[in-house]
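Model, not experiment: these values are computed from the prediction. Within every chain, numbering begins at 1; the chains are lettered A, B, ... in the order of the sequence lines, protein sequences first and strands thereafter.
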Amino acid sequence: MQFWSQTYIPTLKESPAEAEIESHKLLLRAGLVRRVGGGLYAFLPLGKRVLDNVTEICREEMNRGQAIELLMPAVIPTEQWKEGPRWNAVREVMFQVISAGKDAKVPEEPQYVLGPTHEEVITPLIGSEISSYRDMGKTFYQIQTKFRNEIRPRYGLMRAREFIMKDGYSFDANDEDAEATYHRIAKAYDRFFARCGLDFISVEADAGIMGGAFSHEYMVPAEVGDDDVVYCQECGYSANVEKATSGLVPRDIVDAEPIGELEKFETPGAKTIEKLAQEPYNIPADAQFKTLLFVGDEKLFVVVVRGCDQVEEAKLSSLGYQLIRPATVDEIFEAMGAYPGSLGAIKGTLKDRSKLDGIYGDEALRLIGNGVTGANEKAMHVKNVNVRRDLDLDRFGDFRKVQEGEPCPKSGQPLKIARAIEVGHIFKLGTKFSENEKFGAMFDDADNKSQAAVMGCYGIGISRTLQAIIEQSHDKWGIKWPWSVAPYQVVITLLDPDLEEAATLANTIGVAAEAAGASVLVDDRAERPGVKFKDADLIGIPLRITIGGRGLKNGVIELKWRDEDDKQEVAIAKATSIIASAIREKASN
RNA sequence: CGGGGCGUAGCUUAGCCUGGUAGAGCGCCUGGUUUGGGACCAGGAGGUCGAAGGUUCGAAUCCUUUCGCCCCGACCA
């Protein structure tokens with residue numbers, strides 16, 4: 001039993017200007033966290049309790065999924081990272097620890113980095129321990145503070161520079177076992193997020209720089225999310241928009257025959273798809289070719305999509321480049337001989353085809369058949385461009401962003417798109433990290449042949465999950481904590497703390513509630529009732545038990561669930577047993 | 001890193017355009033009256049106006065620089 005007057009819950013009536021979204025405001029107003037610096041937060045006592053609850057649920061479900069907890073250092077020797085496959089891709093987001101002591105020299109490369117995740121550490125760590133296939137089939141995890149120097153921290157704990165993460169890593173002897181592990185952990189994730197009281201979906205995801213065979217993200221639908229999720233209500237297909245495909249292009253599509261000779265025409269001032277779609281040209285966006293240049297690993301390449309489509313940059317990684325960025329105007333001119341607005345990929349019109357590592361066409365171009373594109377000359381476009389005959393494409397691929405309403409690739413029903421918060425991500429990694437001779441994880445198989453462990457990695461943003469719960473479960477009065485993670489599950493609102501009879505009863509009921517398995521907070525402050533009710537609502541305690549002089553006279557106390565509107569009066573004589581059974585019922589759900 | 005906005009008491013903010021030495025609400029402290037949904041009265045403490053430089057007799061206010069925060073974009077394991 002915790003007395004309010006003896007803990008520290010600094011609630012705020014107004015929300016600080018730093019917070020924009022509801023969950024962030026409530027984190028601050030309910031006295032859960034305080035900002036220390038940009039993207040850096042301190043957990044106050046109440047916040048720490050929720051964090052511990054979420055952490056414990058995570059631990060239980062990981063353990064149930066046969067994962068083994070360990071703890072690695074957050075400070076990691078840089079060398080370890082440089083040997084891994086991601087150094088160039090992630091060094092920018094890593095905090096680098098340069099040196100210690102007044103006389104220490106600042107080295108060109110930092111000696112240490114603060115871990116954003118731990119593949120580079122655990123792979124050699126476990127790799128140097130294991131040697132036999134008999135040691136395979138292990139999954140490790142840790143719950144730890146992680147560091148990423150986010151370009152733009154925002155929304156409180158949602159995207160912070162320092163945050164708490166559960167990261168897990170599995171080592172299996174072969175693909176089949178690795179997939180079984182993957183599915184076992186996926187089930188643990190399902191249980192974890194369900195126990196946190198979240199509505200969530202798991203979606204097919206882009207593996208990003210982690211690479212690997214496949215991956216799923218755990219998404220909490222919310223307007224303030226950073227990701228777009230594509231889903232089909234009909235068949236359950238769901239994927240991150242970075243990965244999602246649609247049935248827009250029929251599998252049996254037949255390419256259109258040319259409808260005429262190429263014909264250049266003047267388009268003064270028309271440098272955009274929109275302009276060409278208007279008077280006097282009237283060429284619909286879905287009859288235009290959009291020609292875009294990117295640089296992948298320092299090599300220029302071209303992607304052509306329909307004028308009405310957007311390139312999904314994440315999908316370009318399927319082309320095999322590690323680092324991809326849009327090309328600069330100068331780079332474009334050198335290869336194409338023209339500037340954006342007049343670009344086209346028609347054979348023979350490019351200034352220097354040899355500067356291009358490839359020209360890739362989106363599959364949906366085939367829906368156009370014959371269309372319009374830039375002539376690689378200022379203020380000139382070309383019509384009657386036939387996809388097969390005229391475009392200088394190396395190959396087709398899926399490079400476009402799926403749009404709402406397109407047919408589901410599985411069921412053909414219209415796809416929906418929703419914003420969501422990514423709270424977990426699991427990857428089947430394969431041998432990307434393990435196959436390194438020195439820093440990898442090799443083992444001898446039954447035939448005494450050396451093999452790389454087939455790995456998987458599994459992340460949960462613990463602190464982000466905490467905020468996602470608030471984002472999904474609040475009203476205008478405050479947070480509505482699910483029973484499982486509430487900082488306290490029961491608050492006894494003592495309206496007249498000086499009344500001995502009331503204080504005694506509060507104690508009796510508090511003891512009974514704790515015995516039934518609830519954590520109890522007693523509001524014994526010398527505040528007016530309104531203040532106590534408002535605070536109880538704000539900090540979101542699931543069950544409020546009100547004890548006041550007025551009720552005592554009538555022999556009753558009051559029960560109020562945070563997620564229900566009605567209050568319930570209970571005779572004092574029956575109170576402890578009613579409360580105890582209500583708590584047991586909640587706890588068993 | 002580009003674009004925009006904001007820095008005045010613990011929190012929310014007025015004042016800035018048009019320079020004259022800072023005001024309110026909440027919170028906090030004291031006393032009193034209150035007491036079932038953020039009470040009332042009286043008194044009180046609390047501000048180098050983000051920082052530095054400049055203009056001026058005089059700067060929260062005008063100018064320059066700088067730092068921090070927030071938003072949009074880019075980015076995002």
Novice: Can you tell me how far C1' of B:C75 sits from CD of A:Glu312, to the nearest Å?
Specialist: 13 Å
Novice: Nearest-Å distance, CZ (A:Arg91) to C1' (B:C76)?
Specialist: 18 Å
Novice: Name the nucleic acid region contacted by A:Lys567, choosing base, sugar-phosphate or nothing; use a 4.0 angstrom heavy-atom cut-off, strictly under.
Specialist: base
Novice: Are A:His425 and A:Phe427 close enough that their ring centers fall under 6.0 Å?
Specialist: yes
Novice: Please check if the number of heavy atoms outside A:Glu223 that lie under 6.0 Å from its CD is greater than 12.
Specialist: no
Novice: Base, sugar-phosphate or nothing for A:Glu422? Non-hydrogen atoms, less than 4.0 Å.
Specialist: sugar-phosphate
Novice: Under a 3.5 Å cut-off on both pairing distances, which runs of 3 or more consecutive Watson-Crick or G-U pairs involve RNA chain B?
Specialist: B:1-7 with B:67-73, B:10-13 with B:23-26, B:28-33 with B:39-44, B:50-54 with B:62-66
Novice: Less than 4.0 Å between a side-chain N and a carboxylate O, is that true for A:Lys146 and A:Glu162?
Specialist: no
Novice: What is the nucleic acid contact for A:Ser15, judged by heavy atoms within less than 4.0 Å: base, sugar-phosphate only, or nothing?
Specialist: sugar-phosphate
Novice: At 4.0 Å (heavy atoms only), tell me whether A:Arg34 reaches a base, stays on the sugar-phosphate, or touches nothing.
Specialist: nothing
Novice: When the C1' atoms of B:C26 and B:G38 are considered, how many whole Å apart are they?
Specialist: 10 Å
Novice: Base, sugar-phosphate, or nothing: which does A:Gly551 touch, judged by heavy atoms less than 4.0 Å apart?
Specialist: base
Novice: Using whole Å, what does the distance between atom P of nucleotide B:C11 and atom CG of A:Leu44 come to?
Specialist: 14 Å
Novice: Between A:His425 and A:Lys560, which residue's closest nucleotide on RNA chain B lies nearer the 5′ terminus?
Specialist: A:Lys560
Novice: Please list, in numerical order, the residues of residues 524-535 of chain A that have a heavy atom closer than 4.0 Å to any atom of RNA chain B.
Specialist: A:Arg528, A:Pro529, A:Gly530, A:Val531, A:Phe533, A:Lys534, A:Asp535
Novice: From CD of A:Glu92 over to P of B:A74, roughly how many Å is that when rounded to an integer?
Specialist: 17 Å
Novice: Please classify the nucleic acid contact of A:Glu558 as base, sugar-phosphate, or nothing, using heavy-atom distances under 4.0 Å.
Specialist: base
Novice: Suppose you measure atom P in B:G3 against the same atom in B:C57; what distance do you get, rounded to whole Å?
Specialist: 37 Å
Novice: Looking at residues at least two apart in the chain, or sitting in another chain, which of them share a ring pair (Phe, Tyr, Trp, His ring centres under 6.0 Å) with A:Tyr321?
Specialist: A:Phe301
Novice: Could you give the CG-to-P distance, from A:Leu495 to B:U35, as a whole number of Å?
Specialist: 13 Å
Novice: Please enumerate all residues that pass salt bridge (Lys or Arg N to Asp or Glu O under 4.0 Å) together with A:Glu204, with sequence neighbours excluded.
Specialist: none
Novice: With ring centroids as reference points, do A:Phe439 and A:Phe433 lie under 6.0 angstrom apart?
Specialist: no
Novice: Between B:G27 and B:C63, how far apart are the two C1' atoms, rounded to whole Å?
Specialist: 37 Å
Novice: Hey, does A:Arg29 reach any base, or is it just sugar-phosphate, or nothing, if we go heavy atoms under 4.0 Å?
Specialist: base
Novice: Using atom P in both nucleotides, what's the gap between B:G73 and B:G36 to the nearest angstrom?
Specialist: 48 Å
Novice: Is there a donor-acceptor pair closer than 3.5 Å between any side-chain N or O of A:Glu242 and the backbone N or O of A:Asp206?
Specialist: no
Novice: Using a strict threshold of under 4.0 Å (side-chain N to carboxylate O), is an ion pair present between A:Glu179 and A:Lys428?
Specialist: yes
Novice: Which nucleotides of nucleotides 66-72 of chain B have their base under 4.0 Å from a protein heavy atom (B), which only their sugar-phosphate (S), and which neither (-), written as one string 5' to 3'?
Specialist: ---SSBB
Novice: Whole angstroms only, please: what is the CG-C1' distance between A:Leu316 and B:C75?
Specialist: 15 Å
Novice: Provide, to the nearest angstrom, the distance between the CG atom belonging to A:Leu538 and the P atom belonging to B:G27.
Specialist: 15 Å
Novice: Classify A:Glu120 by what it touches in the nucleic acid, base, sugar-phosphate, or nothing, heavy-atom distance under 4.0 Å.
Specialist: nothing
Novice: Got a donor-acceptor pair under 3.5 Å from the side chain of A:Arg86 to the base of B:A77?
Specialist: no
Novice: Assuming nearest nucleotide by heavy-atom distance, tell me which of A:Met165 and A:Thr546 is located more 5' along RNA chain B.
Specialist: A:Thr546
Novice: So, using side-chain hydrogen bond (donor to acceptor under 3.5 Å, both in side chains) as the criterion, who are the partners of A:Lys299 when residues are at least two apart?
Specialist: none
Novice: When the P atoms of B:A9 and B:G25 are compared, how many Å lie between them, rounded to an integer?
Specialist: 16 Å
Novice: Tell me whether the count of non-hydrogen atoms from other residues, nucleotides or ligands lying under 6.0 Å of CD in A:Glu18 goes above 12.
Specialist: yes
Novice: Has A:Phe147 got more than 12 heavy atoms of other residues, nucleotides or ligands less than 6.0 Å from its CZ?
Specialist: yes
Novice: Name the closest nucleotide to the A:Arg159 side chain, picking from B:G25, B:G37, B:C76.
Specialist: B:C76
Novice: Considering only atom C1', compute the distance from B:C67 to B:G53 and round it to an integer number of Å.
Specialist: 14 Å
Novice: Name the nucleic acid region contacted by A:Pro116, choosing base, sugar-phosphate or nothing; use a 4.0 angstrom heavy-atom cut-off, strictly under.
Specialist: base
Novice: Could you tell me how far B:G50 sits from B:G7 if I compare only their P atoms? Round to whole Å.
Specialist: 8 Å
Novice: Are side-chain N/O atoms of A:Gln142 and A:Asp167 paired as donor and acceptor at under 3.5 Å?
Specialist: yes
Novice: So A:Thr493 and A:Ile547, do their side chains get closer than 4.5 Å, heavy atoms only?
Specialist: no
Novice: Could you tell me the separation between the CG atom of A:Asp523 and the P atom of B:G36, rounded to a whole number of Å?
Specialist: 15 Å
Novice: Please state the C1' separation for the pair B:G68 and B:C49 - nearest whole angstrom.
Specialist: 16 Å
Novice: With a 6.0 Å cut-off (strictly less than), is the heavy-atom count around CD of A:Glu92, excluding the residue itself, greater than 12?
Specialist: no
